[in-house]
Amino acid sequence: RTIRVYHRPRYRAPSRSRAQPGYEFAMACWRRGLIGGLLFVAWCGLRGTEAKMVMGIASGQDYQLVTTFCFTFPAPATPGGPVPNGRIHSQTIVSENGHRFLVVNRSDLQQGLPCEELVRRAKVIEPLSERTNEVIAYDLTLNVEPSMSRQQIAAVVARCGQTINAEYIVEFTNPGSYEEEHFACQDQGLLHNYLWLSVFAAMMAPALFSAQRVLHRRQAHNDISAMFFAGAAFFCARIWLFMVHLLVYSRNGMGLGMLLFVAQFLDFISNTMAVLVLVALVHGVYITRPFVPPGSVERTQLMQVVGAFSATCLLSTLACGFKVDAMLSPFGLLSGVASWPYLVLRGYTGVFAFQRGIKLANEAEAQTKKQHIVRFSLTALVWLLMLPVVMAFTGESNWNRSAAFMDLVTLGMFGIVLHDFWPSRFGLLFSCVKPTERAHPYSEFGLD
């Protein structure tokens, strides 16, 4: 290990990411909001530092989690040959005595042990105090041996019995390629998966654009089709934005936080639009009737379910977006309490849509469209229930990798609906339009 202690009054550690060449140009490109700007952001980000980096301020308790990580080590080039070490690099600024930098097992932290017990069980304890009243900056480098492979560890700033007050920048580096160097055990493979998802989204995008353009030229769009194509476009954009974030993260260990938040918010918008489309379809809107009767119990239930879904989805997205240590969450969803209402409402919405669609398919006026309604009902059930099921049966260590599968399911859902929305089948599906839109376009002027 290497420890360097600096005594400097009122020292502030500069942000390393802002010191990299090309940073200002990358931020300027991002503000323009252009596709070319995103490519420059990725290029500039690839020139960044080379570790997972977490920075923040610890205050208010006697200890605080900095972040967690899991090291992996490559196989030796020859049997029994040397294996490179991992690395933990910590830069900490304190102005009061009694602080300690700890490396502990993640399981000990999850048990909610008190500060003194965490210190007793810690793998590494480094005091962050000197006999002086000056502000002190510590630079600590720890080598991690291959015996720690795939062990979940946590970095903690502690000050048992007193409130902590420290600023930190902590970096974790895995030995290996760019797909492994900055990714913990549970996150490895995420970049590879989203590169493939980006390719699939790019393959679907021309079909979406072509179908939307034909329907627009024919002036055949309705409310449902407009929401569908907008939601599909937002979803594809979200995959590409998250992929760019992962590319930058693979080089500088931080990614682009604002880009990640935009991607997660686009996921909320696309999910809400997709639910609106599927719920409207299973209610037969524009398929067997022009609208759900205003003031009816059916319309009230529909509005309550969709409203609750949107509200809980937004709450989960915001909770995830403002979490500092959730830089690799593909969409705004955590395994914590903030996401439980959304998961419950999502599952309920899937069952609700399926039951309503099957009920409609058995009615006499829907027999000619029965196959379409049943297909939409099954699609809504599988797509909406898949996420709660995956969350329930997938451990937290595999969650990010399972998220790529969930995005693939969502892409498949958009593809199934696009099949029925294709211009050659659009008129057959939506044969019951509003009287004021097609059959009586001038009824509002009394000319029908």
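These numbers come from the heavy atoms of this one structure, side chains and all, not from hydrogens, waters or symmetry mates.
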Over 12 foreign heavy atoms within 6.0 Å of CH2, W196: no
Using 4.0 Å as the upper bound for N to carboxylate O, is an ion pair formed by R289 and E365? no
Using the test salt bridge (Lys or Arg N to Asp or Glu O under 4.0 Å), find all partners of E116 that sit at least two apart in sequence or belong to another chain. none
Find the distance between CG (L345) and SG (C313) and round it off to the nearest 0.5 Å. 10.5 Å
Can you check whether F228 reaches F414 side chain to side chain, under 4.5 Å on heavy atoms? yes
Rounded to the nearest 0.5 Å, what separates atom CG in L241 from atom SG in C236? 11.0 Å
With distance as the sole test, does T300 use its side chain to make a donor-acceptor pair with the main-chain N or O of S296 at under 3.5 Å? yes
Can you name the closest pair of heavy atoms from Y63 and L113 and give their distance? OH-O, 3.3 Å
Q367 side chain to E363 backbone, donor-acceptor under 3.5 Å: yes
Which heavy atom of A403 sits nearest a heavy atom of Y194, and at what distance? O-OH, 3.7 Å
Using atom types as modelled and distance alone, determine if a side-chain donor or acceptor of S270 lies under 3.5 Å from a backbone N or O of L266. yes
Kindly write out the residues that satisfy side chain to side chain donor-acceptor pair (under 3.5 Å) with Q162, not counting sequence neighbours, or none if the list is empty. R159
Looking at side-chain heavy atoms only, is the closest gap between T410 and W383 below 4.5 Å? yes
For the residue pair H99 and I164, establish whether any side-chain heavy-atom pair is separated by less than 4.5 Å. yes
Taking the side chain as every heavy atom from C-beta outward, state whether V409 and L387 have any pair of such atoms under 4.5 Å apart. no
Could you tell me the separation between the CD atom of E167 and the OG1 atom of T92, rounded to the nearest 0.5 Å? 10.0 Å
Angle class for the F265/F268 ring planes (parallel below 30°, perpendicular above 60°, tilted otherwise)? tilted
How long is the gap from NE2 on H245 to CG on L260, to the nearest 0.5 Å? 4.5 Å
Decide yes or no on side chain to side chain contact (heavy atoms under 4.5 Å, CB included) for I287 and L429, but give the supporting numbers first. CA-CA 6 Å; I287 300 176; L429 175 65; 4.0 Å; yes
Decide side chain to side chain contact (heavy atoms under 4.5 Å, CB included) for V94 and F101; before the verdict, give the C-alpha distance in whole Å, the side-chain angles of both, and the deciding distance to 0.1 Å. CA-CA 11 Å; V94 297; F101 180 81; over 6 Å; no
Kindly state each residue pair satisfying salt bridge (charged side-chain N to carboxylate O under 4.0 Å, His left out) with at least one member in residues 408-430, sequence neighbours excluded. R375-D420
Tell me, with the steps shown, if I239 and F200 meet side chain to side chain contact (heavy atoms under 4.5 Å, CB included). CA-CA 10 Å; I239 288 182; F200 295 151; over 6 Å; no
Counting C-beta onward and ignoring hydrogens, is there a side-chain heavy-atom pair between V285 and I224 closer than 4.5 Å? yes
Measuring from S198:OG to W240:CH2, what's the distance to the nearest 0.5 Å? 8.5 Å
When you compare the side chain of N193 with that of F405, does any pair of heavy atoms fall below 4.5 Å? no
Less than 4.5 Å apart, any side-chain heavy atom of V66 and any of S90? no
I'd like to know whether M386 forms a side chain to side chain contact (heavy atoms under 4.5 Å, CB included) with V390, so could you lay out the CA-CA distance, the side-chain angles of the two residues, the decisive distance to 0.1 Å, and finally the verdict. CA-CA 6 Å; M386 186 65 71; V390 169; 4.2 Å; yes
Value rounded to 0.5 Å, distance of CG in L208 from CE in M203: 12.5 Å
Under a 4.5 Å cut-off applied to non-hydrogen side-chain atoms, are L278 and M413 in contact? yes
Shortest non-hydrogen pair, F426 vs S225, comes out as CE1-CB, 3.6 Å
Could you check whether any side-chain N or O of R346 sits under 3.5 Å from a backbone N or O of L384, counting only pairs where one atom can act as donor and the other as acceptor? yes
Taking R299 for its side chain and V292 for its backbone only, find out whether a donor-acceptor pair lies under 3.5 Å. yes
Evaluate Y286 against F291 for ring-ring contact (aromatic ring centres under 6.0 Å, His included), listing each step before the verdict. CA-CA 7 Å; Y286 300 152; F291 50 80; 9.0 Å; no
Quick one: closest heavy-atom pair of L65 and A155, and the distance? CD1-O, 3.5 Å
Quick one: does D267's side chain have a donor or acceptor within less than 3.5 Å of a partner on A263's backbone? no
Would you name the heavy atoms of D62 and G161 that are closest together and state the gap between them? CB-N, 3.9 Å
Please report the closest heavy-atom contact between T288 and I373, naming both atoms and the distance. CG2-CD1, 4.3 Å
Validation row, ring centre F421 to ring centre F430 under 6.0 Å: yes
